[in-house]
Student: 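What follows is a structure written as structure tokens; I'll ask about it next.
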Number of protein chains: 2
Amino acid sequence: MRIGELAQRGECDVETVRFYEREGLLDRPAREANGYRCYTDAHLVQLKFIRHCRSLGMGLPDIRALRGFQANPELACDEINHLIDRQIERIHRQLDSLHVLERQLHTLRETCCANQNASQCGIMRNLTRAAAGEDCSCHPSDRKGGMQKP
Amino acid sequence: MRIGELAQRGECDVETVRFYEREGLLDRPAREANGYRCYTDAHLVQLKFIRHCRSLGMGLPDIRALRGFQANPELACDEINHLIDRQIERIHRQLDSLHVLERQLHTLRETCCANQNASQCGIMRNLTRAAAGEDCSCHPSDRKGGMQKP
DNA sequence: CTTGACCCCGTACCGACTACGGGTTGTCGA
DNA sequence: TCGACAACCCGTAGTCGGTACGGGGTCAAG
């Protein structure tokens with residue numbers, strides 16, 4: 001099949017397929033006489049593997065590593081476990097900081113009751129206060145007693 | 001003050017300060033005779049404002065917009081509210097997809113009990129199955145009755 | 001007079017694509 | 001058979017928010 005069909009069946013963009021080829025994630029296909037790329041079902045499986053890993057949030061280096069394990073199935077799989085563990089940790093850290101962010105933004109949002117002008121807007125006032133080193137609703141100063149002068 | 005002190009007090013990198021200046025987020029400072037940037041306390045407030053907004057996950061275009069409201073405090077603040085609402089939505093979407101991801105990765109992780117070789121590793125087998133179009137533990141096919149042929 | 005800290009500028013790099021521009025080939029209807 | 005248009009080729013640049021590098025200037029202390 002040609003690149004357009006592969007991309008469609010792999011649910012990604014043609015440009016993305018070429019990108020994976022450049023990155024060495026997808027095997028180089030044979031070419032037709034006119035230079036068009038000519039893919040097999042094996043290429044489609046490779047592409048789906050990459051896309052599946054991407055949908056799990058893995059980066060391209062990790063996917064490259066996994067492809068290495070596919071090529072050498074006799075290797076111990078500890079590294080695979082570590083890889084997934086690291087990924088889970090990353091996601092956890094992101095979740096934690098997004099939860100904090102969500103709370104901060106909600107708090108900030110509630111300080112404005114709309115239909116005012118910008119100078120009276122609670123959101124703007126909070127952001128400006130924070131910049132001046134004073135307390136803001138979104139980052140209440142509960143850390144080590146604050147930084148105020150003696 | 002010079003750029004080093006500003007960066008330190010604004011809790012960011014010297015390069016970042018120069019970057020904000022290039023991006024037009026931070027007003028251009030006066031220069032000393034030797035060409036060194038010479039900042040005032042007002043610059044520090046600007047920088048802290050930017051960093052505070054960044055810590056809330058806002059992008060530079062949004063921060064630019066907010067600076068516009070600081071410059072024109074008589075404008076209605078609806079746009080500010082929208083801006084924060086959009087930010088909250090973004091965070092929500094990210095949280096949702098990260099929650100899904102977390103569950104998928106945990107499920108996947110539990111399919112390997114370690115100390116095997118890669119060909120027997122449940123994680124690897126799942127990923128490979130998924131690429132072949134079969135069911136995997138991390139993406140069980142429960143969506144709208146599946147896509148199987150009639 | 002040299003060392004080291006600080007500053008200047010411009011440019012390239014990160015990740016994972018996405019978009020663009022300019023050219024060739026294939027396919028279809030008129 | 002012609003012309004339109006889709007699909008393909010390639011290489012390069014842009015996205016975002018910085019970070020890092022290279023090569024050089026300035027200044028105070030030892």
Student: Which one, dT18(C), dG18(D), dT27(C), comes nearest to the side chain of Thr16(A)?
Tutor: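 Among the listed nucleotides, the one closest to the side chain of Thr16(A) is dT18(C).
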
Student: Does atom CZ of Arg31(A) have more than 12 heavy-atom neighbours, drawn from other residues, nucleotides or ligands, at distances under 6.0 Å?
Tutor: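 It does: Arg31(A) CZ has more than 12 such atoms within range.
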
Student: In whole Å, I'd like the distance from the CG atom of Asp62(B) to the P atom of dC16(D).
Tutor: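 Asp62(B) atom CG is separated from dC16(D) atom P by 11 Å.
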
Student: Find the distance Glu11(B):CD to dG18(D):C1' and express it as a whole number of Å.
Tutor: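 One finds 17 Å between C1' of dG18(D) and CD of Glu11(B), rounded.
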
Student: Of the listed nucleotides (dG17(D), dC10(D), dC6(C)), which one gets closest to any side-chain atom of Tyr36(B)?
Tutor: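 Selected nucleotide: dC6(C).
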
Student: Does Tyr20(B) place a side-chain N or O at less than 4.0 Å from the phosphate oxygens OP1/OP2 of dG18(D)?
Tutor: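 Indeed, a polar side-chain atom of Tyr20(B) lies that close.
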
Student: I want to check one thing: is the phosphate of dC10(D), taken as OP1 and OP2, less than 4.0 Å away from some side-chain N or O of Arg31(A)?
Tutor: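 Yes, within the criterion.
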
Student: Tell me whether the OP1 or OP2 atom of dC6(C) has a side-chain N or O from Arg18(B) closer than 4.0 Å.
Tutor: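 No, no such contact exists.
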
Student: Closer to the 5' end of DNA chain D via nearest nucleotide, is it Glu15(B) or Arg2(B)?
Tutor: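 Result of the comparison: Glu15(B).
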
Student: Given side-chain contact (heavy atoms from CB on, under 4.5 Å), test Gln87(B) with Arg109(A) step by step and report yes or no.
Tutor: CA-CA 10 Å; Gln87(B) 182 66 14; Arg109(A) 180 64 180 88; over 6 Å; no

Student: Among dA16(C), dG18(D), dC8(C), which nucleotide has an atom closest to any side-chain atom of Arg37(B)?
Tutor: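 For Arg37(B), the side-chain atoms sit closest to dC8(C).
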
Student: Could you give the CD-to-C1' distance, from Glu23(A) to dT18(C), as a whole number of Å?
Tutor: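 After rounding, the gap between these two atoms is 14 Å.
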
Student: Please state how far atom CG in Asp13(A) lies from atom P in dC20(C), giving the value in whole angstrom units.
Tutor: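 Interatomic distance, CG of Asp13(A) to P of dC20(C): 12 Å.
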
Student: Taking the side chain of Phe19(A) as heavy atoms from C-beta outward, which of dT26(D), dC8(D), dA16(C) is closest to it?
Tutor: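 My answer, after comparing the listed nucleotides, is dA16(C).
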
Student: Nearest-nucleotide wise, let me know which of Met58(B) and Asn34(B) is further upstream toward the 5' end of DNA chain D.
Tutor: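 Its nucleotide being nearer the 5' end, the pick is Met58(B).
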
Student: Output the rounded distance in Å from CD (Glu5(B)) to P (dA5(C)).
Tutor: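 Taking CD of Glu5(B) and P of dA5(C), I get 18 Å after rounding.
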
Student: So if you build clusters from Ile, Leu, Val, Met, Phe, Trp, Tyr with side-chain heavy-atom gaps below 4.5 Å, do Tyr36(B) and Leu26(B) land together?
Tutor: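 In one cluster with Tyr36(B): Leu26(B), no.
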
Student: Describe the nucleic acid contact of Arg64(B) in one word from base, sugar-phosphate, nothing, applying a heavy-atom distance below 4.0 Å.
Tutor: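 Counting heavy atoms under 4.0 Å across all strands, no contact is made by Arg64(B).
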
Student: Within this structure, what is the CE-to-P distance between Met1(B) and dC7(C), rounded to whole angstrom?
Tutor: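 For the pair Met1(B) CE and dC7(C) P, the rounded distance is 12 Å.
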
Student: Could you tell me the separation between the CG atom of Leu47(B) and the C1' atom of dG18(D), rounded to a whole number of Å?
Tutor: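 In whole Å, dG18(D) C1' lies 14 Å from Leu47(B) CG.
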
Student: Just by distance, do the side chain of Arg67(A) and the backbone of Leu25(A) share a donor-acceptor pair under 3.5 Å?
Tutor: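 Checked: pair present.
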
Student: Once you round it to whole Å, what is the distance between P of dA28(D) and CD of Glu32(B)?
Tutor: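 One finds 11 Å between P of dA28(D) and CD of Glu32(B), rounded.
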
Student: Using heavy-atom distances to pick each residue's nearest nucleotide on DNA chain C, tell me which of Arg22(B) and Gly4(B) is more 5'.
Tutor: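 Looking at the nearest nucleotide for each, Gly4(B) comes out on the 5' side.
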
Student: Does this structure show an ion pair linking Glu15(B) with Arg22(B), if we count only N-O contacts that are shorter than 4.0 Å?
Tutor: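 Salt bridge: no.
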
